[in-house]
Q: 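Below you will find the structure I want to go over with you.
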Amino acid sequence: MRNHPATNRPIKPVFRLIALPRGNHHVDLRTFFARFIFILAVLITVSATDAAEGVGTVRIGLTPTIPNDQYRVIEEWRLYMERELERPVEFVWRNSYIETMDLLRVNKLDYAWICDYPFVYFKGQVKLLAVPLYQGRPYYQSYLIVPATDDQTTSIDQLRGKMFAYADPYSNTGYLTPRYLLAQSGEDPDHFFSKTFFTFSHRKVMEAVALGAAQGGAVSSHVWDTLLKTTPELAQGTRVVSKSPEYGFPPLVARPSVSETEFRTMQKLLLKMMASEEGQSLLRRLNIDGFIAGEPSLYDRVDQMMQVVGKK
Amino acid sequence: MRSPFDLSFRLKIPLWGSLLIVVTTLAISASMMVQAYNDVRSDLVSSASSLGGTLARTLFPVMLRDDVWQATEIIRASLHGGLESNVLRPELVFVLDREQKVFISSQPQSIPLLADIRQSGEEYRRLVNWLATNSEPAVRSLELAKFHRIYVTTPIVDTGAYLGTLVTVHSKDALLSRFYSVAWRGMGIGLVVLAILLPINWFWGRRTAVPMVQLTNSIVDVTRGRVTPLPPQNYTHRDELGDLFEAYEIMVEFLQDRARLEQGMIRAERLAAIGRLSAGIAHEINNPLGGMLVALNNFRRRNGQDERALATVSMIERGLHQIHEIVNAMLVEAKGKARDFAPQDVEDIHQLLASETRKHQVTLQIDSNIERPVPLRATLVRQILMNLTLNAIQASDRSGEVRCTIHLAGDQLMLHTENAGKAIPPEVVDHLFEPFIGNKESGHGLGLWIVYQIVQQQNGRIHAESSDGLTQFTVTLPLGDAA
């Protein structure tokens, strides 16, 4: 098992359903028979699930990528999807990217809206479904923010020995980018700040910085810009010190085992949202312009940064 | 300047009563206010303790994970919700770790994280020193008056493991503002109580004091010789004050009686002295007068006197007779034939006074219940009746009525006259029975003097009363032995 250094959280392997007896002659027959029955039952269940694919509930994982706690618009989006897919749709909220990723990898989710960093981190374990368009392009940035009361700081180098708020250990703009910046300046990101903490939300990074609990933080430009419109008093409590280069926008992904048909149906639904009035209204309220199919190469820059900072 | 203790009861009773009411109201209000303040404060401390306990339990696992942001969110949640003026809501919440460094704070700008709290100011130095005085982890509260704050500290502890201390800081301003609102209400009620009690006290105080002051003034008058009955007042209660009024009235009556008695005695003695003097003089005059009259009589009988000398003698003789008459009148002596006063005498008086009543156009009415002779000397009783009735006729208004009553009751005879007319002037009343007193144009001024002398000799009483145009004389004579 690998341990993630930042969270000390074990990354769970895919279930080992059963340990089949291999040359263990001491296992008695009754036990073996019981296990055989169990495997049979599991196989029947799995085949039943496969048979039901295309009619069961579609489960979509959501992460704090969603900028504002927009439960209302998400609910309307869910109803929209149910109508389009003619299937029940369920949104599954989790507080951290890793939880959502875990659910994806154990097939508890079909799709998820995750961050670009976990997409790169777990490359090959998920399939790119769609990339949102923000201001007409599939890109966003990381903003380095400080409290609005701080009018001195002009770069991350000046935050040495301060408290720093990260969004999530699997966030690019809220974790990887500032660490990459420090690494580029020859600093050790693990010891540069006096103390760091995770808020597991871009919005909460802004709250922590505005309150002064941290003297600096890093957030997604999409979240910051959206909150500047919806909750200006919060965004105005912070000051953007610097903006990173552009990264591919946090993508929607699918678990690899989703059937091709279903994948296409879902992708089509997302891509044609721009075309309908209702879809446009939902997109507007999510503060994005639409979806494109996208290419994994959009996230190559994140991959390079990850190589520099290391997978930690 | 008069001492307040020397003030009149009229002011002193209401003033002292008012003072007592005000002092009592203030004392009760003050004690209620102290109670209210303590209640508000203990509410605050108990609510802060329960909040602290809840937060500390929630914070323990979070602090164990070193999750700064979640811990911050937990304490910030305690600062929101409820009304804006919620007294019980803390002003500031922070958590200290085992080294008294700030783990989290609801106001990181003023209480920066990671810093030693003691560097944040004197109040926090004192707080940390105070925390160090107790090794047992328990919820405690500290009030630093200088900083207008109350600090409630809760240890963050689980199964004996101590991670740090949660401190909730409460401003006393909110506490005071709630206390002031209670205090204002209390003051309002106090004022209402005063507004009711003070006028009642003032009314009652004056009601008690005013009669006392009147009584005091009257008693002071008595000591200065002026005995005056109390002005009419409406103090009708049967308490000590009521008894005092009654006793005063009795005392005044007694004093007035005694004064009247003294006056009567003085008058009687004066009249007795005058009587003795005039009787003595009359005797001394009567002897030479008798001689002179005899000599003049002899002188006239002698022949050979001329006309002029005889005329002169006659004139002297008339003068001497007048002197004799007056002297005899002053010498009230029992003389003449002794017989009892009889119904016939009443008739005689009527006859004798008829011409006088006609002259003054007055109606004389005599009421008598005498049916047979009364054992009193008729001449004396007639003299009394004549004099008094004549006086009454002469003093009566024209066309007036004079009443004379002769009444035998038991062992005494009562003679009474009354007439309407000018009252006897007060300056005359005191000397009424002295000789030559009176304001009559006619008569020698000895009528009442003679009546008085006769009454005295017969051990009777005489009483005169003159007021409001009605003058009355009453004579009471004890019956003597039959003649």
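Chain A is the first sequence line, chain B the second, and so forth, proteins listed ahead of strands; every chain is numbered from 1. Atom set for the values below is all heavy atoms of this structure, side chains included, hydrogens, waters and symmetry mates excluded.
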Q: Check this for me: K101(B), atom NZ, are more than 12 non-hydrogen atoms of other residues, nucleotides or ligands nearer than 6.0 Å?
A: no
Q: What pair of heavy atoms forms the shortest contact from P147(A) to Q109(B), and how long is it?
A: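 Distance-wise, the nearest heavy atoms are CB-NE2, 4.5 Å.
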Q: So which of A165(A), A213(A), A214(A) has the largest heavy-atom pair count under 4.5 angstrom toward chain B?
A: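 The answer is A213(A).
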Q: Take a 6.0 Å sphere around CH2 of W130(B) and say whether it holds more than 12 heavy atoms from other residues, nucleotides or ligands.
A: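 Check passes, neighbour count above 12.
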Q: Counting heavy atoms not belonging to M33(B), are there more than 12 under 6.0 Å from its CE?
A: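 Counting neighbours around CE of M33(B), more than 12 heavy atoms of other residues, nucleotides or ligands fall under 6.0 Å, so yes.
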Q: Under a 4.5 Å heavy-atom cutoff, which of S105(B), P112(B), P108(B) has the most pairs with chain A?
A: P108(B)
Q: Looking at chain A, which one of R65(B), E73(B), Q107(B), Q70(B) has the largest number of heavy-atom pairs inside 4.5 Å, strictly under?
A: E73(B)
Q: What's the separation between atom CG in L113(B) and atom CZ in F197(A), rounded to the nearest 0.5 Å?
A: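 Separation between the atoms: 7.0 Å.
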Q: For residues D67(B) and F198(A), report the shortest heavy-atom separation together with the two atoms involved.
A: OD1-O, 3.9 Å
Q: Decide if atom OH of Y162(B) counts as having more than 12 heavy atoms of other residues, nucleotides or ligands within a radius under 6.0 Å.
A: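 Buried by this count: over 12 neighbours within 6.0 Å.
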Q: Measure Q215(A) against the heavy atoms of chain B and call it side chain, backbone, both or neither at under 4.5 Å.
A: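 Neither part; nothing is under 4.5 Å.
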Q: Could you check which of T72(B), I111(B), L114(B) has the highest count of heavy-atom pairs closer than 4.5 Å to chain A?
A: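 Top option by heavy-atom pairs under 4.5 Å: L114(B).
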Q: Which bit of T196(A) is near chain B, if near means a heavy-atom gap under 4.5 Å: side chain, backbone, both or neither?
A: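 It is neither, since no heavy atom gets under 4.5 Å.
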Q: Counting only heavy atoms from other residues, nucleotides and ligands, does the tally under 6.0 Å from CH2 of W202(B) exceed 12?
A: yes
